[in-house]
Amino acid sequence: MTASTPATKKLFIKTYGCQMNVYDSQRMAEAMGAEGYVLTEDQSDADMVLLNTCHIREKAAEKLYSDLGRLKPLKAARPDLKIGVAGCVAQAEGAEIIRRMPLVDLVVGPQTYHRLPAMARGEIAAIQTDFPQEDKFEHLPARTSLNPATRRAPTAFLTVQEGCDKFCAFCVVPYTRGAEVSRPAPRILSEARDLVSRGVREITLLGQNVNAWHGAAPASDPAGGEWGFGRLIRALAQIEGLARIRYTTSHPNDMGDDLIAAHGDVAQLMPYLHLPVQSGSDRILKAMNRKHTADHYLRLIDRIRAARPDIVLTSDFIVGFPGETDQDHADTLRLIEQVGFGMAYSFKYSPRPGTPAYDRPEVEPAVADARLQELQALLTRQQKAVQQDMVGRTVGVLFEKAGREPGQMIGKSDYLHAVFVDTTDVQIGDLRQVRIKNSAANSLHGELLP
Ligand code: 5AD
Ligand code: SF4
């Protein structure tokens, strides 16, 4: 080490919640990397611990506070250890976090984390939770500026859109992540090209309302005008070496015609769509401020399946939303029966301070629990059926890692199922045809085709 090389410091990041947070954690690691920090897997060895938090349900914030409590002995033993809280709890609670947990040094929101290096150097205030005019991505180290020798995993996330203007009555996202903002197409395309040049073969485009993405056509498009999300996907599909494109999370009201058509005619766009519906009751959908009916959702599914008949659909459901009756619950079960989901996340309603539904009378907890169980049992049966349906079929599998058993590799199918294959013949990053032989609880088992 030469005298001018800064000493390496170690950064430990724990990520809670959604894939957007996973992406933000990577970008924060890159920003701190420019300050001489390298990532460590070992919290007790770190010079800085960053908790990138989620605020979507009550339990998420509770988990943060108990994790902070567990850091007390470490901080007592090493007072120079810096502890930072990032993400949506940081945004929502701000200074309250330090008041409740004085061991926290830094609080940074999802739109201000480009300031983390200056915060860590003590050049600016230790709490940064405004919604700045400037675009954080413009102030983060460009991914192209990082060491080009850094090979990456074969799959990567890429945030294209952030924030939400939908204001569902139960949801904190419009308040913690702010208004809908789309990143400009040229920036997205250059970040994608850079990822592919480092070995990435599959990109998952991220946004709280990713299919609401829109932006000015780049100068390279002679047609000019405005691009929608479908057009962006078509442009990404032109990148040589990018084998797979996915996106999440979508809103039913933003499924444009061109996006639906892209599911039929863009080969790289994978046959998988996460499209949250939350409830199958029109009364509850209205109370949730979803601005669509159950029938609107079902007709949309018909159109998507017409474009791509083999698509696997997944969704999110909330049970026990204030005012939900047995009939409303039955309507949700009926919608699930009608669609047939490959997988779904289901949650018991959790009242969030500051949201319109917060003060509404709650459903009896025992009733909500029973409904959740019934709904999950149905969804599990559907998941099994969709997996079983894969048996005997040949699917593309992108291999991501070695299995726990020697001679076993694990990848994801086109339909996002985890697939185990006994082979010593493939490398991480290979995309191969695999015949599915059987289905286990949460994965498939297959054999390579020659
Ligand atoms: N209570 C329960 N579930 C919620 N979600 C969002 N807010 C709440 C809440 N207050 C769920 C929705 C959303 C997913 C990310 O989290 O189903 O789609
Ligand atoms: Fe939350 Fe609704 Fe926006 Fe999704 S669409 S982030 S559930 S407010």
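Note that the structure is predicted; figures quoted are calculated from it, not measured. When a ligand or atom number is given, it counts from 1 through the structure's own listing order.
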- Item | Residues R371, E374: salt bridge by 4.0 Å N-O rule |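 E374 and R371: not salt-bridged.
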
For a quick check under 3.5 Å, do [X] and [Y] share a side-chain donor-acceptor pair by atom type?
X: Q387; Y: S439; result: yes
X: Y16; Y: D67; result: yes
X: D135; Y: H114; result: no

- Among K412, Q268, R246, find the one that has a side-chain hydrogen bond (donor to acceptor under 3.5 Å, both in side chains) with E202.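 That would be R246; it is the only one of K412, Q268, R246 passing the side-chain hydrogen bond (donor to acceptor under 3.5 Å, both in side chains) with E202.
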
- Query: Counting only heavy atoms on the protein side, is anything nearer than 4.0 Å to atom 4 (Fe) of ligand 2?
  - Reply: no

- Task: Sum up the protein N, O or S atoms located under 2.8 Å from atom 1 (Fe) of ligand 2.
- Result: 1

- Give the ring-plane orientation class for Y345 versus F347, where under 30° counts as parallel, over 60° as perpendicular and anything between as tilted.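 Rings of Y345 and F347: parallel, as their planes differ by under 30°.
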
- Task: Would you check if the distance from the ring center of F167 to the ring center of Y175 is below 6.0 Å?
- Result: yes

- All side-chain hydrogen bond (donor to acceptor under 3.5 Å, both in side chains) counterparts of E337, not counting sequence neighbours: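 Counting only residues at least two positions away or on another chain, E337 forms no side-chain hydrogen bond (donor to acceptor under 3.5 Å, both in side chains).
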
List of N/O pairs, ligand 1 versus protein, all under 3.5 Å?
{"unit_1": "ligand 1", "atom_1": "1 (N)", "unit_2": "S350", "atom_2": "N", "d": "3.0"}
{"unit_1": "ligand 1", "atom_1": "10 (N)", "unit_2": "F170", "atom_2": "O", "d": "3.0"}
{"unit_1": "ligand 1", "atom_1": "10 (N)", "unit_2": "S350", "atom_2": "O", "d": "2.7"}
{"unit_1": "ligand 1", "atom_1": "16 (O)", "unit_2": "R57", "atom_2": "NH1", "d": "2.8"}
{"unit_1": "ligand 1", "atom_1": "17 (O)", "unit_2": "Q278", "atom_2": "OE1", "d": "2.7"}
{"unit_1": "ligand 1", "atom_1": "18 (O)", "unit_2": "Q278", "atom_2": "NE2", "d": "2.9"}
{"unit_1": "ligand 1", "atom_1": "18 (O)", "unit_2": "D316", "atom_2": "OD2", "d": "2.6"}

- Give the atoms of ligand 2, by number and element, whose distance to some non-hydrogen atom of H251 is under 4.0 Å. 5 (S)

- Message: Using a 6.0 Å distance limit plus a 45 degree cone around the ring axis, check whether R187 lies over the aromatic ring of F137.
- Response: no

- Query: So which pairs with a foot in residues 298-327 pass ring pair (Phe, Tyr, Trp, His ring centres under 6.0 Å), sequence neighbours left out?
  - Reply: F317-F341, F321-Y349

